[in-house]
A.B. asks: 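Could you have a look at this structure, given as structure tokens, before my questions?
Read the numbers this way: they start at 1 and go in the same order the structure lists the ligands and their atoms. The shown structure was predicted, so the numbers you read here are calculated from the model rather than taken from an experiment.
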Amino acid sequence: MIGNSGNLLPHTTNIFQKKELKSVFIQIAGIAQYLWDRGWAERNAGNFSINVTGFFNANELDRLSFYPYVPLSKQYPHLARTVFILSGTGTRMRDVANNPVENVCFIFISDSGSAYHLIDENPEGRSARPTSELPTHLAIQQQLLQKNAQEKVVLHAHVTELIALTQLAPFTTEKAVNSLLWGMHPETVLFLPDGVGFIPYTIPGTENIALETLNGFENHKVVLWEKHGCMTVANTLAEAFDNLDILAKAAKIYFLCKSTGMEPEGLNHLQLKEIRENPPADTPIYKKPDFSI
Ligand code: 2HA
Ligand code: ZN
């Protein structure tokens, strides 16, 4: 890392205390607590990124380029001059819940998109560094911007129920896992009509998993990482949690049924088609059905 630390924004509010971001920090604390409570974030598991560029004006963005400069191993041209809040590497989700300011970091992507500036002005005196899954987060965030998508949040968690599902050979294809998840509860197809992408086991934290995950997000809002966990994109951290919660519920129903020694019936093709075509009027994020999967 090169460059100065010190307080380089003497006449502006500390970035961690920017009042417009207060509600974002409240949501970070709340969702981190849920992830810990659900057992989906053991030790330092799980991470997230939130594109908060919209909270800054051009002058504020200019000042962020004075902070320590950290080269990236890959260039992200579409992320030039964007600002992200990221969970810190090695931080525990339960600590993020108790003290988000101390356990997240802000980065500002350089003009060329080949480096980031770490906004190391944490008022608690310790600046977290970005999550080990930074390459995947940046790749997905760039894909979202390129698609002009509304989603600003990428969340990774070790959702136990979904990891268990990917340990079972019959569910290690996209078709099989979606068919199972959709069949277990009507709300799965309602809220996740495009289903999930499935990435065969790959080493975490690498450019390779980033690339594979990117492919999965071409057509899905959630991507399962075989035997590891899942990644989701959403407008807010709360909605990102909802996506995982819906899927965990479906997987749990499957395991509960199996624990009786019997096979669940599942919703049939016609029942699923009916839900896709006639969603309840109050379904908040229903989008046009896509029958191509
Ligand atoms: O943040 O979950 O995949 C730690 C992890 C890496
Ligand atoms: Zn993980």
A.B. asks: Does ligand 1 come near enough to W225 that some N or O of the ligand is less than 3.5 Å from an N or O of the residue?
C.D. replies: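 Between W225 and ligand 1, no N or O pair is found under 3.5 Å apart.
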A.B. asks: I'd like to know if the side chain of E161 and the backbone of A248 have a donor-acceptor N/O pair within less than 3.5 Å.
C.D. replies: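 No, because the side chain of E161 does not come within donor-acceptor range (under 3.5 Å) of the backbone of A248.
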A.B. asks: Parallel, tilted or perpendicular for F241 and Y34, by the 30°/60° rule?
C.D. replies: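 Aromatic pair F241/Y34 classed tilted.
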A.B. asks: Pick whichever of E133, M93, E42 has a heavy atom sitting closest to atom 6 (C) of ligand 1.
C.D. replies: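 Among E133, M93, E42, the closest heavy atom to atom 6 (C) of ligand 1 comes from E133.
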A.B. asks: Looking at every heavy atom in both A128 and L118, which two are closest together, and how far apart are they?
C.D. replies: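 Taking every non-hydrogen atom into account, O-CD1, 3.9 Å.
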A.B. asks: Just say parallel, tilted or perpendicular for the rings of F25 and F16, cut-offs at 30° and 60°.
C.D. replies: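 Judged by the thresholds at 30° and 60°, the geometry between F25 and F16 is tilted.
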A.B. asks: Out of T53, N57, V52, which one pairs with F55 under the side chain to side chain contact (heavy atoms under 4.5 Å, CB included) rule?
C.D. replies: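 Answer after filtering T53, N57, V52: V52.
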A.B. asks: Among all protein heavy atoms, pick the one closest to atom 1 (O) of ligand 1 and tell me residue, atom and distance.
C.D. replies: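 Result: N47 ND2, 2.7 Å.
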A.B. asks: For the side chain of S114 and the backbone of Q75, is there at least one donor-acceptor N/O pair under 3.5 Å apart?
C.D. replies: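 Checking the backbone N and O of Q75 against the side chain of S114, no donor-acceptor pair under 3.5 Å is found.
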A.B. asks: Parallel, tilted or perpendicular, judged at 30° and 60°: which one describes the rings of F106 and F56?
C.D. replies: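 Correct class here is perpendicular.
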A.B. asks: Can you tell me the N, O or S atom of H156 that's nearest the Zn ion (ligand 2)?
C.D. replies: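 The closest N, O or S atom of H156 to the Zn ion (ligand 2) is NE2.
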A.B. asks: Considering only protein heavy atoms, which is closest to atom 4 (C) of ligand 1, and at what distance to one decimal place?
C.D. replies: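 Looking only at protein heavy atoms, the one closest to atom 4 (C) of ligand 1 is N44 O, 3.3 Å.
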A.B. asks: Within the 4.0 Å heavy-atom shell around H228, which atoms of ligand 1 are there?
C.D. replies: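 Near H228, the atoms of ligand 1 are 3 (O).
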A.B. asks: Are any of the N/O atoms in T131 less than 3.5 Å from those in ligand 1?
C.D. replies: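 By distance alone, the answer is no.
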A.B. asks: Ligand 1 and G46, any nitrogen or oxygen pair closer than 3.5 angstrom?
C.D. replies: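 Min N/O separation from ligand 1 is below 3.5 Å for G46.
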A.B. asks: Can you find an N or O of H156 that's nearer than 3.5 Å to an N or O of ligand 1?
C.D. replies: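 Yes.
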